[in-house]
Amino acid sequence: MSTRRNIYEWFYQQAKDEKQLPWHREEIPLLLLEVAEAQTGRKKVLDIGCGTGVYSVYLAQQGYEVTAIDFVASALEYARQRADRERTLINFIHTDITLWDTDEHFDIVLDSGCLHGFGGADRKRYKERLLKWMNTKANYVLIHFARRSWLDLNFAGPRRKTRKEIERFFGPDLKLNLFYEDKARSLNQYIFGK
């Protein structure tokens, strides 16, 4: 088991409920709301690193066919309980996103808190798989911890990136369609397309 997975498992085991998790949020990110409401036609979504399933359940309630992935078993248990309470049908998969493979294509791919956990070869594998799973008109919604300047170093926890660093990483394969900066929480929201 990876060190990263052990750390997340520890946090979930220490929490008495999901509200005690430092990254837990009940509110739906602004740009996810926008994409979900604008989507027409086919509605198939992949939630990468779904955590407690807040966004997966929201999307299922909006009529989306949701595949939700997390590599932490305890996170998926929270997510399944939420889906059951809300009577939503979600395809939960317990796996590491850098190892999972499918021939399916998705209209929306959501990442809220997964990419910033990767570095090096894992980050490259993540991008390769993302590009494979996105259909030609798909939206990639990324919620990522922001780095305000080169002095904003984080030696533990998520790998913070500036907007330019994120755009450079995904370019030229994906182009930034919309950006929102949440200064209060140091989170940036992105919508990318092919």
Q: Scan side-chain atoms only and decide if Asp107 and Asn139 contain a donor-acceptor pair under the 3.5 Å cut-off.
A: no
Q) Are side-chain N/O atoms of Asp111 and Tyr126 paired as donor and acceptor at under 3.5 Å? A) yes
Counting N and O atoms only, with roles assigned by atom type, does the side chain of [X] sit under 3.5 Å from a partner on the main chain of [Y], one being a donor and the other an acceptor?
X	Y	result
Arg125	Leu99	no
Gln62	Glu37	no
Asp96	Phe71	no
Thr102	Glu104	yes
His105	Lys132	yes

Q.
The test is ring pair (Phe, Tyr, Trp, His ring centres under 6.0 Å); show your working for Tyr140 and Phe170 and say whether it passes.
A. CA-CA 11 Å; Tyr140 170 55; Phe170 286 114; 5.2 Å; yes
Assess whether atom [atom1] of [X] is packed by more than 12 heavy atoms of other residues, nucleotides or ligands within 6.0 Å.
X	atom1	answer
Leu89	CG	no
Arg87	CZ	no
Lys194	NZ	yes

Q | Working for side-chain contact (heavy atoms from CB on, under 4.5 Å), residues Leu130 and Val109 | A | CA-CA 8 Å; Leu130 171 69; Val109 177; 3.5 Å; yes
Q) Rounded to the nearest 0.5 Å, what separation is found between the CG atom of Leu31 and the CG atom of Leu178? A) 5.0 Å
(Q) What verdict does the salt bridge (charged side-chain N to carboxylate O under 4.0 Å, His left out) test give for Glu26 and Arg82, after you've listed the backbone C-alpha separation in whole Å, the side-chain angles of each residue and the deciding distance to 0.1 Å? (A) CA-CA 12 Å; Glu26 287 289 328; Arg82 178 181 292 269; 2.7 Å; yes
Q: Just do the side-chain contact (heavy atoms from CB on, under 4.5 Å) check on Phe179 and Glu167 with the steps written out, would you?
A: CA-CA 11 Å; Phe179 173 77; Glu167 284 185 274; over 6 Å; no
